[in-house]
Amino acid sequence: VLLLVLFSVVPAAYGADSPALLDEVRSLGREQYIYPVDERILQLDTAEGIIDALGDPHSEFLSGEELEDLMDSTNGAYAGVGMELTLQPDGDAVYYPTVVSTFAGSPARKAGIVPGDRIIAVDGKSTRGNDIGTTVSLIKGTPGSQVSLTIARGTASSPFSVKLSRELIHVDVVTYK
């Protein structure tokens, strides 16, 4: 996660894939990544390529727009359906966005979406192999507009669709009981 945040901040300071950005990404990979990184990976010619080659579903290169979306979703409020997603592999090692939790009172919770549900399509567009940012951008939208999610649930015999109305979601960064 540290790598994700550090790599996502860097592009704003440098041009996309500039020598300075690549030097920074390589340095972070050598010095701060949780595991040793093969030097051949660090010699790839794009920041996104280096991070993708790590094969880590928790590390992702974010564009400025994707970083802004992430910050919106963790710093107060955004228009969406109110759920936290992660990437989980299916049986053939292809990653799907998977629900970690839904927020109290959110459209997702009211619709019965539960942790473990895999979002396999948004408005008919497959999410197979998508990164989180791409899927989140498909789900977010204008408050009051609708989005259709196709969900695969372990206990259901086949995927099902849920139509949700986007709302302004207020994010509690820290939950308490």
Side-chain angles (χ1 to χ4, degrees), residues 1 3-5 7-8 11-12 16-17 44 46-173 175:
V1 175
L3 189 64
L4 164 89
V5 173
F7 282 169
S8 67
D17 293 323
L44 295 172
T46 66
E48 187 169 6
I50 291 170
I51 295 168
D52 286 347
L54 295 172
D56 180 355
H58 304 291
S59 296
E60 181 178 338
F61 184 82
L62 300 177
S63 68
E65 182 179 310
E66 291 168 327
L67 176 60
E68 188 176 313
D69 286 345
L70 175 65
M71 297 308 289
D72 285 348
S73 69
T74 59
N75 284 334
Y78 68 95
V81 299
M83 60 186 172
E84 179 184 357
L85 300 175
T86 190
L87 291 176
Q88 293 289 323
D90 67 2
D92 60 359
V94 174
Y95 287 83
Y96 279 98
T98 303
V99 177
V100 173
S101 65
T102 58
F103 305 145
S106 70
R109 179 151 316 161
K110 291 175 191 171
I113 294 173
V114 297
D117 282 351
R118 287 186 304 142
I119 310 298
I120 62 172
V122 178
D123 288 331
K125 296 179 186 121
S126 174
T127 61
R128 186 175 199 262
N130 280 3
D131 58 55
I132 290 293
T134 300
T135 301
V136 167
S137 67
L138 293 171
I139 295 172
K140 286 182 174 180
T142 307
S145 63
Q146 297 216 321
V147 61
S148 177
L149 304 179
T150 305
I151 296 173
R153 181 174 289 164
T155 59
S157 59
S158 61
F160 59 94
S161 292
V162 176
K163 189 167 278 217
L164 303 169
S165 199
R166 295 176 178 107
E167 295 178 4
L168 189 59
I169 304 295
H170 297 279
V171 179
D172 292 327
V173 178
T175 58

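Quick note: residue numbers are just sequence positions, from 1. Just so it is clear, the model here is predicted, and its values are computed rather than measured.
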Open item on the list: Do P107 and I169 make a side-chain contact, defined as non-hydrogen atoms from C-beta onward lying under 4.5 Å apart?
Closed with: yes
Open item on the list: So which atom in G124 and which in A121 form the shortest heavy-atom distance, rounded to 0.1 Å?
Closed with: C-CB, 4.2 Å
Task: Sidechain-backbone polar pair: R109 side chain, T102 backbone, donor-acceptor under 3.5 Å - done: yes
Task: Distance-minimising heavy-atom pair for I113 and M83 - done: CG2-SD, 4.2 Å
Task: Between OG1 on residue T135 and NZ on residue K140, distance to nearest 0.5 Å - done: 12.5 Å
Open item on the list: Quick check: closest heavy atoms across I139 and L149, and the distance to 0.1 Å?
Closed with: CG1-CD2, 3.9 Å
- [ ] Please report the closest heavy-atom contact between R118 and Y96, naming both atoms and the distance.
- [x] NH1-CD1, 3.3 Å
TODO: Apply the test side chain to side chain donor-acceptor pair (under 3.5 Å) to residues T127 and N130: give CA-CA distance (whole Å), side-chain angles for both, the deciding distance (0.1 Å), then the verdict.
DONE: CA-CA 5 Å; T127 61; N130 280 3; 5.4 Å; no
- [ ] Measure the OG-CG distance between S148 and L138 for me, rounded to the nearest 0.5 Å.
- [x] 12.0 Å
Open item on the list: Could you report the tightest heavy-atom contact between A79 and T142, atom names first, then the distance?
Closed with: CB-C, 4.4 Å
Open item on the list: Do V162 and I151 make a side-chain contact, defined as non-hydrogen atoms from C-beta onward lying under 4.5 Å apart?
Closed with: yes
- [ ] For S106 and G82, work out which heavy atoms get closest and say how close.
- [x] OG-O, 3.1 Å
Open item on the list: So, taking the atom named CZ in F160 and the one named OG1 in T150, what distance separates them when rounded to the nearest 0.5 Å?
Closed with: 9.5 Å
Task: Candidate pair L85 and T98, rule side-chain contact (heavy atoms from CB on, under 4.5 Å), full reasoning - done: CA-CA 5 Å; L85 300 175; T98 303; over 6 Å; no
- [ ] Check the pair D117 / V114 against side-chain contact (heavy atoms from CB on, under 4.5 Å), numbers first and verdict last.
- [x] CA-CA 6 Å; D117 282 351; V114 297; 3.4 Å; yes
- [ ] Please check if the side chain of R166 supplies one atom and the backbone of G144 the other of a donor-acceptor pair under 3.5 Å.
- [x] no
Open item on the list: Within the structure provided, determine whether Q146 and S165 are in side-chain contact (heavy-atom separation under 4.5 Å).
Closed with: yes
